[in-house]
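In each ligand, atom 1 is the first atom listed, and ligand 1 is the first ligand listed. Source: prediction; values computed, not measured.
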Amino acid sequence: MPRVTRSLASLIRVCIAVSGATLSLAAAASPDPAPPASHGLDVGGIDRAVAPGDDFFRYANGAWLKANEIPADRSSYGTGAQVAELTAKRTADLIREAAKTSAPGSDARRVGDYYATYMDEATIEKLGLAPLQPALQRVDAIKDRKDLARALGAALRADVDVLNSTNFQTPNLFGLWVAQDLDDPSRYAPFLLQGGLLMPDRDYYLDPAAPMAAIRGKYQQHIAAMLDLAHQPDPKGSAARIFALERRMAQAHGGRAESEDVLKGNNHWPATEFPRRAPGLDWTVYFDAAGLAQQRTLVVWQPAAVTGLAALVASEPLDTWKEYLRFHLLDQNAGYLPRAFVTEAFEFYGHVLNGTPQQRERWKRAVDDTSFALGEAVGKLYVERYFPPAEKARAQEMVRNLLSAFAVRIDQLEWMAPATRVQAKAKLAALKVGVGYPDRWIDYSGLEVVRGDALGNAERAQLFEYHRNLKKFGTPVDRSEWAMTPQLVNAVNLPAMNALNFPAAILQPPFFDPQRDVVLDYGAIGAVIGHEISHSFDDQGALFDASGRLRNWWTKEDFAHFEAAGKNLAAQFDRYHPFPDVAVNGKLTLSENIADVAGLAAAYDAWRLTLQGKPARGAAGFSGEQLFFLSFSQSWRNKVREPALRQRLVTDGHAPEEYRADTVRNLDAWYQAFDVKPGTKLYLAPADRVPVW
Ligand SMILES: [Zn+2]
């Protein structure tokens with residue numbers, strides 16, 4: 001995950017179902033949250049003037065969309081954001097309580113101290129740049145390329161993730177992901193990813209389109225402003241040189257779609273081969289400084305980029321690299337520096353990149369940052385208060401029903417070869433489903449949290465996380481480890497671990513609510529559960545067998561059928577135009593769109609199973625079937641500012657919420673429920689509907 005300045009501004013994007021993608025705790029929050037509609041459907045949010053078959057998203061949500069504006073401190077707002085807001089508020093209360101009541105040395109105390117220190121702006125103002133001086137002096141002391149390699153190696157962090165949190169961005173030259181070896185799932189391997197850019201993607205540096213060019217101008221102004229605040233000489237000249245260097249790095253980078261291609265990424269390089277394959281960087285010094293000297297083999301995810309970036313380490317002036325490193329230190333740590341730095345960082349990352357007019361209140365950023373540094377320690381406090389065992393049991397029962405529905409679907413697939421079907425069932429049986437929180441918590445006793453040292457706390461937390469990951473080498477792979485924190489409103493499939501995580505925070509209204517008919521739960525969280533299960537069996541899931549080995553377990557014919565179905569769905573999404581000049585990228589979002597359709601279909605089946613042959617109950621003038629689809633669409637309710645939406649269309653593997661909600665048009669049951677006829681805008685002839693599963 002990017003460091004705090006950007007985790008405030010650009011949202012952490014994960015491989016999720018729910019607009020969770022847009023609504024992690026990192027998402028900005030409104031000052032006075034409207035509570036999410038709970039205990040039933042939001043009937044008042046429906047716009048009956050819209051025909052369901054013309055625009056189902058606006059039919060289900062139109063009145064709400066008209067009545068609500070995106071709060072000034074957010075780049076987007078909707079159901080997920082409301083739930084995240086409530087969760088953040090509860091989490092903040094728990095954290096403040098922990099500071100007062102917990103025993104010294106406990107994880108709860110660490111949480112409380114971390115938060116209180118972040119909140120202590122007076123001390124931060126008083127300290128000024130002093131906490132960053134040692135790091136800046138280390139940059140000043142760089143005398144040659146060996147020193148440079150050492151500095152770059154020491155900056156390596158475990159801040160990227162290829163398959164689980166799908167985070168491909170790191171501000172450091174490279175990022176490390178420690179995960180099971182895709183060729184040998186019994187051991188952990190180090191994965192090295194491209195990095196070094198502060199804007200969200202290479203397109204921001206290279207795309208000639210006018211909006212991108214304008215952002216580039218503002219980015220250079222931002223670099224100069226940060227350097228100026230830190231009293232660096234020649235801020236404008238420096239900014240131009242730093243930008244030019246980053247632009248060359250962007251030219252070496254692979255694009256997002258390429259990074260997501262597992263088959264292109266699984267490149268095992270012997271450590272001894274790096275000097276030959278990627279000359280320019282002193283790799284021995286780099287690996288030594290990074291604590292990776294013992295690793296004989298590393299997986300190089302974007303080989304051309306690693307080669308290109310290493311070459312730049314040799315070819316670009318040493319002084320430019322030093323300017324670059326100083327700016328990155330300032331930028332990445334802006335959240336722990338005096339207000340002027342915080343404001344400038346928000347101006348660019350929040351305002352320019354996401355269109356958010358106003359920064360969130362500090363306490364909300366403090367919750368976010370504490371959750372980032374001590375995620376499971378915060379999560380433990382959260383579930384003790386808000387996720388009782390009865391709720392966990394109820395969610396587990398829903399998961400079982402979804403798994404049963406999915407098993408039936410696999411049995412009924414006509415196109416799948418019998419041998420593949422056997423393996424699919426085996427994979428389903430081996431799926432490890434985590435509900436609410438992990439079985440074992442991370443022990444933070446090795447992390448020193450010092451009152452009054454906000455920047456040092458953040459640095460130590462990142463290093464703690466890095467060393468925690470390095471310690472995995474040589475130990476058995478732990479499939480029970482979570483990729484998300486319990487207080488995150490999100491869900492995820494961990495393909496190589498053949499595991500799912502459903503954090504406690506998404507298991508609450510309006511996704512999941514004990515005080516209403518289960519049909520609404522199946523339409524909302526049920527579709528999320530189905531979405532995550534289906535990832536184990538989609539184009540990505542087909543690449544990993546039950547043990548997590550990268551081994552395509554489908555026959556050629558199975559794959560051909562799946563690809564053909566996928567092409568139709570990609571074409572369906574290519575036709576959506578959020579703006580006249582830009583369409584949804586059907587190929588980039590294909591896996592997620594397949595998971596949405598499959599998840600919704602499995603959730604529908606699972607709900608029918610709970611009826612045990614009895615007719616569905618209706619409510620509020622809607623049939624049970626209508627309630628199911630309305631609940632689904634309302635769970636996707638969301639508004640996004642234009643710059644943020646444009647960013648997502650480039651960098652996000654998920655389609656915008658509106659089109660995800662409209663995927664109901666691929667299910668026959670939706671046509672029956674709302675009597676949707678040919679001639680309406682969402683109508684698809686039966687042959688054009690893409691059920692996939
Ligand atoms: Zn997904």
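Taken from CZ in Arg549 to CD in Gln180, the straight-line distance is 10.0 Å, to the nearest 0.5 Å.
Between Trp607 and Tyr522, the ring centre distance reaches or exceeds 6.0 Å.
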Please step through ring pair (Phe, Tyr, Trp, His ring centres under 6.0 Å) for the pair Phe573 and Tyr659, ending with a clear verdict. CA-CA 8 Å; Phe573 277 77; Tyr659 310 115; 7.2 Å; no

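Using bins of under 30°, 30° to 60° and over 60° for the plane-to-plane angle, the ring pair Phe674/Trp670 lands in the tilted bin.
For Glu592, the N/O/S atom at the shortest distance from the Zn ion (ligand 1) is named OE1.
The Zn ion (ligand 1) has no N, O or S atom of His654 under 2.8 Å away, backbone or side chain. Distance check for Glu532 against the Zn ion (ligand 1): none of its N/O/S atoms falls below 2.8 Å.
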